[in-house]
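All remarks here apply to the structure that follows.
FYI, side chains are in, hydrogens and waters are out, and symmetry mates aren't considered; it's all heavy atoms of this structure.
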There are 2 protein chains.
Amino acid sequence: MHATPAAPRAVPSEPDQDRVFAALANATRREVLRLLRDGGPQPVRRLAEHFAMTRPSLSEHLKVLREAGLVSERRAGRQRIYRLEAAPLGEVQDWLGPYERFWRAKLAGLGTLLDRIPHEEAP
Amino acid sequence: MHATPAAPRAVPSEPDQDRVFAALANATRREVLRLLRDGGPQPVRRLAEHFAMTRPSLSEHLKVLREAGLVSERRAGRQRIYRLEAAPLGEVQDWLGPYERFWRAKLAGLGTLLDRIPHEEAP
DNA sequence: TTGACGCGTAGGGAATCCCCTACGTATGGT
DNA sequence: ACCATACGTAGGGGATTCCCTACGCGTCAA
């Protein structure tokens, strides 16, 4: 059940995974991603309207997202247009893959069935 | 293209999402999840063999995973058997859903097509 | 009971996070 | 040239992270 045409994707190094998950571990940054997803590429000013914090603080969140590869930036006059880059999210989904059967089993009520696994006691 | 039978899932509150992503933002904790996935439920002692850090440090990582709902604990004599709880990972996949078409488009070379979105300039 | 085992928690220290205010830089308008 | 706009960065303070060592508690073995 791989819905994708199995396009090969570079395997991310561990610090990269750290950065992506850490970037997602903040409601403000997840909201920025949602705004870019639903509203298309936008300048910082427009994004900042949705938050209570100061604009410099938001700028730092954007930096975290940039360094995680989740957004890209293009200059247009004195504005910086930020744009969603979803590739790292695709890697997150790839990472989730091997766990999928576990929560499916749970939903299907199969419970502990998947825990019957190569099992030896330490001596 | 929803590969799942669309089983309804409780929508997680934002602090919960924070905790899950933050728990995943650490290579040691992701490795613990992998060990529980591939090796089935295990006591702390067995998990600790795979890491260079001290056992108390690993215990704290397990606490983070517990508070994120990613593992559960059962007592067996003087051991605590930890077990993978994949439900929060299912919620992560649900969260990824609305972004999926973006990296699919990228893989298909559709590039900026998805950025044609309700677009107005601020006055 | 005494001692070893399995595990969690307390407490501390270096690093990082997340917010702020101040300031610097580049572009655009007049 | 001048000033306003759009944005990033510096620096600081309080909270949190991640590792450590020391210790406490419950369980099994002799």
Item checked: Interatomic spacing from NE2 in B/H61 to OG1 in B/T28 - rounded to 0.5 Å -> 4.5 Å
Checklist line | Whole-Å gap separating C1' (D/dC18) and CG (B/L24) | finding: 17 Å
Next item on the list: Rounded off to whole Å, could you give me the CZ-to-P distance for the A/R46 and D/dT5 pair?
Entry: 19 Å
Note to self: If we ignore hydrogens and angles and just use 3.5 Å, is the side chain of B/E73 paired with the main-chain N or O of B/V71 as donor and acceptor?
What the structure shows: no
Check: On DNA chain C, nearest-nucleotide positions of A/E60 versus B/L58: which is more 5'?
Finding: B/L58
Margin query: Quick one, A/L89 and B/W95 - any side-chain contact, counting heavy atoms below 4.5 Å?
Written below: yes
Next item on the list: In whole angstrom, give the distance that lies between atom CZ of A/F21 and atom C1' of D/dT17.
Entry: 18 Å
Checklist line | Heavy-atom side-chain proximity of A/F21 to B/R30 below 4.5 angstrom | finding: yes
Note to self: Please enumerate all residues that pass salt bridge (charged side-chain N to carboxylate O under 4.0 Å, His left out) together with B/R66, with sequence neighbours excluded.
What the structure shows: none
Next item on the list: Apply side chain to side chain contact (heavy atoms under 4.5 Å, CB included) to B/A52 and list each qualifying residue two or more places apart in sequence or on a separate chain.
Entry: none
Margin query: With a 4.0 Å limit, can you tell me whether B/N26 has a side-chain N or O closer than that to the phosphate oxygens OP1/OP2 of D/dC18?
Written below: yes
Next item on the list: Quick one: label A/F51 by what it contacts on the DNA or RNA (base, sugar-phosphate, nothing), any heavy atom closer than 4.0 Å.
Entry: nothing
Check: Between D/dC7, D/dC19, D/dC18, which nucleotide gets closest to the side-chain atoms of B/R29?
Finding: D/dC18
Any N/O pairs under 3.5 Å between the protein and nucleotides 23-25 of chain D? List them or say none.
none

Note to self: Going 5' to 3' along DNA chain C, between which two nucleotides do contacts with chain B fall, using a heavy-atom cut-off of 4.0 Å?
What the structure shows: C/dA4 to C/dG11
Notebook entry, point to check: Should A/L58 and A/L47 be marked as a side-chain contact (heavy atoms from CB on, under 4.5 Å) after you check the CA-CA gap, both sets of side-chain angles, and the distance that decides it?
Noted result: CA-CA 9 Å; A/L58 182 62; A/L47 294 169; 4.1 Å; yes
Tabulate protein N/O versus nucleotide N/O from nucleotides 26-30 of chain D, keeping only pairs under 3.5 Å, one per line.
residue : atom : partner : partner atom : Å
D/dT27  : O2   : B/R78   : NH1          : 3.4

Next item on the list: Identify whether NZ of Lys or CZ of Arg in A/R37 sits under 6.0 Å from the centre of the six-membered ring of B/Y99 and within 45° of that ring's axis.
Entry: yes
Next item on the list: Apply side-chain contact (heavy atoms from CB on, under 4.5 Å) to the pair A/R83 and A/L36, showing each step before the final yes or no.
Entry: CA-CA 6 Å; A/R83 173 188 153 129; A/L36 295 177; 5.9 Å; no
Checklist line | Integer-rounded Å distance: D/dG8 C1' and A/L65 CG | finding: 15 Å
Note to self: Does D/dC20 have its OP1 or OP2 closer than 4.0 Å to a side-chain nitrogen or oxygen of B/S57?
What the structure shows: yes
Next item on the list: Name the residue closer to the 5' end of DNA chain D, choosing between B/V64 and A/I81 according to the nucleotide with the nearest heavy atom.
Entry: A/I81
Next item on the list: Report yes or no: do A/V92 and B/F102 belong to one cluster of Ile/Leu/Val/Met/Phe/Trp/Tyr joined by side chain heavy-atom distances under 4.5 Å?
Entry: yes
Next item on the list: Take the C1' atoms of the five end pairs on each side of the helix from C/dT1-D/dA30 to C/dT30-D/dA1, derive the two axes, and give their angle rounded to 10 degrees.
Entry: 20°
Item checked: Spacing of CD belonging to A/Q93 relative to CD belonging to B/Q93, to within rounding of 0.5 Å -> 5.5 Å
Next item on the list: Would you mind checking if B/E31 and B/R29 are paired as a salt bridge, meaning a charged N to carboxylate O distance below 4.0 Å?
Entry: no
Note to self: Do A/L24 and A/L33 make a side-chain contact, defined as non-hydrogen atoms from C-beta onward lying under 4.5 Å apart?
What the structure shows: yes
Note to self: If you define the side chain from C-beta out and look only at heavy atoms, does anything of A/Y82 sit under 4.5 Å from A/V32?
What the structure shows: no
